[in-house]
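Just so it is clear, the values below take in all heavy atoms, side chains as well, and ignore hydrogens, waters and symmetry mates. The model shown is predicted, which means the values in this text are computed figures rather than measured ones.
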Amino acid sequence: MSVKRDDKRDQILKAASQCFSRFGFEKTTLQDIGAAARFNKASLYYYFKNKEDLFIQVVMLEAEHYLNGLQKQIKPLDRAADKIVAYLTGRLAYYRQVLNLHQLSIESLQRFEPMFDDVYQAVREQELAFLSQLLREGVEDREFLKLNAERAADALLTVADGIKHEAVQRSRTAFAQEVDYAPVQEKLQYTLTLLLNGLRK
């Protein structure tokens with residue numbers, strides 16, 4: 001029974017992802033998603049509270065998939081510091097991609113942030129574990145001073161997210177995809193380089 005329920009839920013998420021990508025969050029209706037998933041609108045409420053809940057679940061699934069791919073992509077890099085910078089700047093590129101793909105307004109993005117924080121916790125735990133492992137590798141390879149890998153990973157993630165959020169908060173545009181991320185990318189890279197140089201032997 002629960003397998004069938006999960007299949008239906010996955011079917012709705014897939015349809016929702018297609019609709020949000022095609023029409024953007026603002027213009028997509030539950031009617032559109034129901035039609036794409038071959039469900040009536042009322043039955044969507046059995047699986048999701050509202051359009052916002054559905055959108056958050058779609059973005060979190062996309063994020064998990066993207067970040068797993070990014071982690072594999074950076075593994076061939078030699079130094080732990082290079083892997084960390086590549087990963088955290090790659091996260092920013094993904095964030096920008098999500099905003100472009102789903103055509104979110106700044107107002108909607110700011111409304112969503114507290115809701116994202118709740119469901120993001122599981123993904124954040126995975127990211128912290130990944131960054132902690134990279135930092136431990138750096139210590140083992142004598143690239144970094146001895147450190148508490150978990151605390152350092154948390155600090156790096158917090159700094160990366162803070163720089164990203166600052167860019168959105170200071171933006172003077174109506175739509176999130178209009179934010180200029182070039183200076184944000186440069187600021188993030190510079191800040192991470194400074195922090196990681198401070199960890200070097």
Heavy-atom distance under 4.5 Å between the side chains of Leu195 and Val159, does that happen here?
-> yes

Just wondering, do Leu88 and Leu131 contact through their side chains at under 4.5 Å, heavy atoms?
-> yes

Taking the side chain as every heavy atom from C-beta outward, state whether Ile33 and Phe20 have any pair of such atoms under 4.5 Å apart.
-> yes

Mind checking whether Leu54 and Leu13 have side chains closer than 4.5 Å, heavy atoms only?
-> yes

Qualifying residues under side chain to side chain donor-acceptor pair (under 3.5 Å), relative to Arg79, sequence neighbours excluded | Asp82

Close side-chain approach of Leu199 and Leu135, heavy atoms under 4.5 Å | yes

Output yes when Asp141 and Arg136 qualify as a salt bridge under the 4.0 Å nitrogen-oxygen rule, no when they do not.
-> no

4.5 Å side-chain heavy-atom contact, Glu64 and Gln126 = yes

In this structure, CZ of Phe130 is separated from CG of Leu157 (nearest 0.5 Å) by 11.5 Å

Tell me, please, whether Tyr47 has Lys8 positioned over its six-membered ring: NZ or CZ under 6.0 Å from the ring centre and within 45 degrees of its axis?
-> no

Kindly compute the distance separating NZ (Lys14) from CZ (Arg9), expressed to the nearest 0.5 Å.
-> 16.0 Å

For residues 182-194, dump all side-chain donor-acceptor pairs below 3.5 Å to protein atoms at least two apart in sequence or in another chain.
unit_1 : atom_1 : unit_2 : atom_2 : d
Lys187 : NZ     : Glu166 : OE1    : 2.7
Thr191 : OG1    : Lys187 : O      : 2.7
Thr193 : OG1    : Gln189 : O      : 2.7

So, do Leu134 and Ile74 sit near enough that their side-chain heavy atoms are less than 4.5 Å apart?
-> yes

Listed partners of Arg91 passing side chain to side chain donor-acceptor pair (under 3.5 Å), at least two apart = Tyr120, Glu127, Asp161

Indicate the ring-plane relationship of Phe25 and Phe55, choosing parallel, tilted or perpendicular according to the 30° and 60° boundaries.
-> tilted

